[in-house]
Q: 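This is the structure, below, for whatever I ask next.
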Amino acid sequence: MPEDSPLVDVERLDEVRLHLRSHPDHRALPLLLGLFGDHMGWGVFQLFDEVLAQFDADARAKHIAAALSATSRGSRWWVAHWAVAFPSPVFVPALLATLARAEDDDAHYFAIAALGYLATTRPDVVSALRRYQSTNTDPERAVLLAELFEES
């Protein structure tokens with residue numbers, strides 16, 4: 001959804017959000033997860049957390065994992081954000097790929113946070129995060145990584 005979408009489109013998106021919150025339909029998930037742009041969505045995008053919470057965890061995980069490889073960088077950012085809210089081992093390969101993509105630098109924080117939920121049961125995740133930590137130069141991500149390893 002482009003940042004300069006007319007207000008009527010934003011209002012329609014909010015209507016869709018309200019409908020899906022009350023009537024979740026797994027067929028909508030791929031379309032839903034692919035519509036987010038590289039912006040904040042006039043405050044409506046953030047409200048989709050409650051919509052995603054209504055979906056079956058397995059269906060949600062399958063579609064979030066697929067959307068982490070979406071063409072749209074904005075969609076990947078939002079989906080990485082939701083991977084934190086709804087962590088699943090299914091996300092590991094896609095989240096590691098997110099960390100490897102320089103163009104997804106702004107989603108790295110979310111990828112680290114989501115992977116952090118899985119690190120206690122996945123030695124491969126711990127190894128990958130340690131490798132990332134050794135090359136990371138972002139102060140916020142450095143703090144998050146330090147906190148993750150203090151707890152593990």
Side-chain angles (χ1 to χ4, degrees), residues 1-122 124-125 128-129 132 136-145 147-148 151:
M1 185 165 203
E3 189 169 10
D4 61 352
S5 294
L7 182 58
V8 67
D9 289 348
V10 176
E11 291 169 345
R12 184 162 293 132
L13 176 62
D14 200 37
E15 290 172 14
V16 168
R17 177 189 66 82
L18 292 170
H19 175 79
L20 287 173
R21 185 180 67 185
S22 300
H23 308 290
D25 183 337
H26 72 279
R27 296 173 298 179
L29 276 169
L31 295 171
L32 176 69
L33 293 170
L35 74 83
F36 301 97
D38 196 10
H39 52 91
M40 290 292 117
W42 313 274
V44 176
F45 288 2
Q46 293 85 338
L47 302 175
F48 275 87
D49 290 25
E50 64 185 20
V51 173
L52 291 171
Q54 302 306 311
F55 286 94
D56 171 75
D58 291 335
R60 183 178 56 229
K62 172 185 159 189
H63 291 292
I64 286 176
L68 283 164
S69 300
T71 303
S72 163
R73 191 174 75 88
S75 286
R76 290 193 310 266
W77 185 91
W78 280 101
V79 174
H81 163 82
W82 289 313
V84 177
F86 308 104
S88 171
V90 173
F91 304 156
V92 170
L95 289 170
L96 293 175
T98 298
L99 284 180
R101 283 191 300 268
E103 68 268 18
D104 285 335
D105 183 67
D106 57 346
H108 285 189
Y109 185 91
F110 297 125
I112 293 164
L115 288 165
Y117 285 114
L118 307 167
T120 58
T121 60
R122 298 280 305 258
D124 59 326
V125 170
L129 289 173
Y132 183 87
N136 174 59
T137 59
D138 180 85
E140 290 180 2
R141 286 180 247 157
V143 169
L144 178 59
L145 287 160
E147 288 173 358
L148 289 174
E151 296 173 5

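In this text the structure is predicted, and so the values were computed from the model without any measurement.
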Q: Taking all heavy atoms of Ala113 and all of Leu144, pick out the closest pair and write down the distance.
A: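 Residues Ala113 and Leu144, closest heavy atoms: N-CD2, 3.8 Å.
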Q: Would a 4.5 Å heavy-atom cut-off, applied to side chains only, mark Trp78 and Gln46 as touching?
A: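 In contact.
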Q: Between atom CG of Asp58 and atom OG of Ser88, what is the distance when rounded to the nearest 0.5 Å?
A: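 One finds 7.5 Å between CG of Asp58 and OG of Ser88.
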Q: Side-chain contact, heavy-atom cut-off 4.5 Å: Phe110 with Thr98?
A: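 A side-chain contact under 4.5 Å is absent here.
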Q: Does atom CD of Glu140 have more than 12 heavy-atom neighbours, drawn from other residues, nucleotides or ligands, at distances under 6.0 Å?
A: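 Result for CD/Glu140: open.
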Q: Using side-chain contact (heavy atoms from CB on, under 4.5 Å) as the criterion, list what pairs up with Ala66, not counting sequence neighbours.
A: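 Ala66 satisfies side-chain contact (heavy atoms from CB on, under 4.5 Å) with no residue once adjacent residues are dropped.
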Q: Which heavy atom in Val90 sits nearest to a heavy atom in Ala61, and how many Å separate them?
A: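 Looks like CG1-O, 4.1 Å.
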Q: Tell me whether Asp105 is salt-bridged to Arg141, with the criterion being a basic N under 4.0 Å from an acidic carboxylate O.
A: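 Salt bridge present between Asp105 and Arg141.
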Q: Taking everything shown except Arg101 itself, do over 12 heavy atoms lie less than 6.0 Å from its CZ?
A: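 Counting neighbours around CZ of Arg101, more than 12 heavy atoms of other residues, nucleotides or ligands fall under 6.0 Å, so yes.
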Q: Considering non-hydrogen atoms only, spot the tightest contact between Leu20 and Asp25 and give its length.
A: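 So the two residues come closest at CD2-N, 4.3 Å.
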Q: Going from CD on Gln54 to CG on Asp49, what distance comes out if it is rounded to the nearest 0.5 angstrom?
A: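 Gln54 CD to Asp49 CG: 11.5 Å, rounded to 0.5 Å.
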Q: How many angstroms lie between CG in Leu68 and CZ in Phe91, if you round to the nearest 0.5 Å?
A: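 Taking CG in Leu68 and CZ in Phe91, the distance rounds to 7.0 Å.
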Q: Hey, what do you get for CZ (Phe48) to CH2 (Trp82), rounding to the nearest 0.5 Å?
A: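 The distance works out to 7.0 Å.
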Q: Could you tell me which residues satisfy side-chain contact (heavy atoms from CB on, under 4.5 Å) with Pro89, sequence neighbours excluded, listed by chain and number?
A: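 Pro89 satisfies side-chain contact (heavy atoms from CB on, under 4.5 Å) with Leu118, Arg122 only.
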Q: Could you tell me if the side chain of Leu129 sits less than 4.5 Å from the side chain of Leu99, heavy atoms only?
A: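 A side-chain contact exists here, since the closest heavy-atom pair is under 4.5 Å.
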Q: Test side chain to side chain contact (heavy atoms under 4.5 Å, CB included) on Leu52 and Leu29 and set out the steps.
A: CA-CA 8 Å; Leu52 291 171; Leu29 276 169; 3.7 Å; yes
Q: Is there a side chain to side chain contact (heavy atoms under 4.5 Å, CB included) between Leu18 and Arg21 once you walk through the steps?
A: CA-CA 5 Å; Leu18 292 170; Arg21 185 180 67 185; 3.4 Å; yes
Q: Rounded to the nearest 0.5 Å, what separates atom NE2 in His108 from atom CG in Leu115?
A: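 If we round to the nearest 0.5 Å, His108:NE2 and Leu115:CG are 11.0 Å apart.
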Q: Phe45 vs Leu13, test: side chain to side chain contact (heavy atoms under 4.5 Å, CB included). Steps then yes/no.
A: CA-CA 9 Å; Phe45 288 2; Leu13 176 62; 3.7 Å; yes
Q: Considering non-hydrogen atoms only, spot the tightest contact between Leu33 and Ala67 and give its length.
A: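 The pair with the smallest heavy-atom distance is CB-CB, 3.9 Å.
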Q: Taking all heavy atoms of Arg73 and all of Asp106, pick out the closest pair and write down the distance.
A: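 Result for this residue pair: NH1-OD2, 2.8 Å.
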Q: Check for a donor-acceptor pair, side chain of Arg76 on one end and backbone N or O of Thr71 on the other, with a separation under 3.5 Å.
A: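 It does hold such a pair.
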Q: Does the side chain of Val51 reach to within under 4.5 Å of the side chain of Val16, using non-hydrogen atoms?
A: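 No, every pair of side-chain atoms sits at 4.5 Å or beyond.
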Q: Looking at every heavy atom in both Arg60 and Phe55, which two are closest together, and how far apart are they?
A: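 Closest approach of Arg60 to Phe55: NH1-O, 3.1 Å.
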Q: Distance only, no hydrogens: is a donor on one side chain within 3.5 Å (strictly under) of an acceptor on the other, for Trp77 and Asp104?
A: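 On atom types as modelled, these side chains do not qualify, holding no pair under 3.5 Å.
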Q: Does OH belonging to Tyr117 count more than 12 external heavy atoms closer than 6.0 Å?
A: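 Incorrect, the count does not exceed 12.
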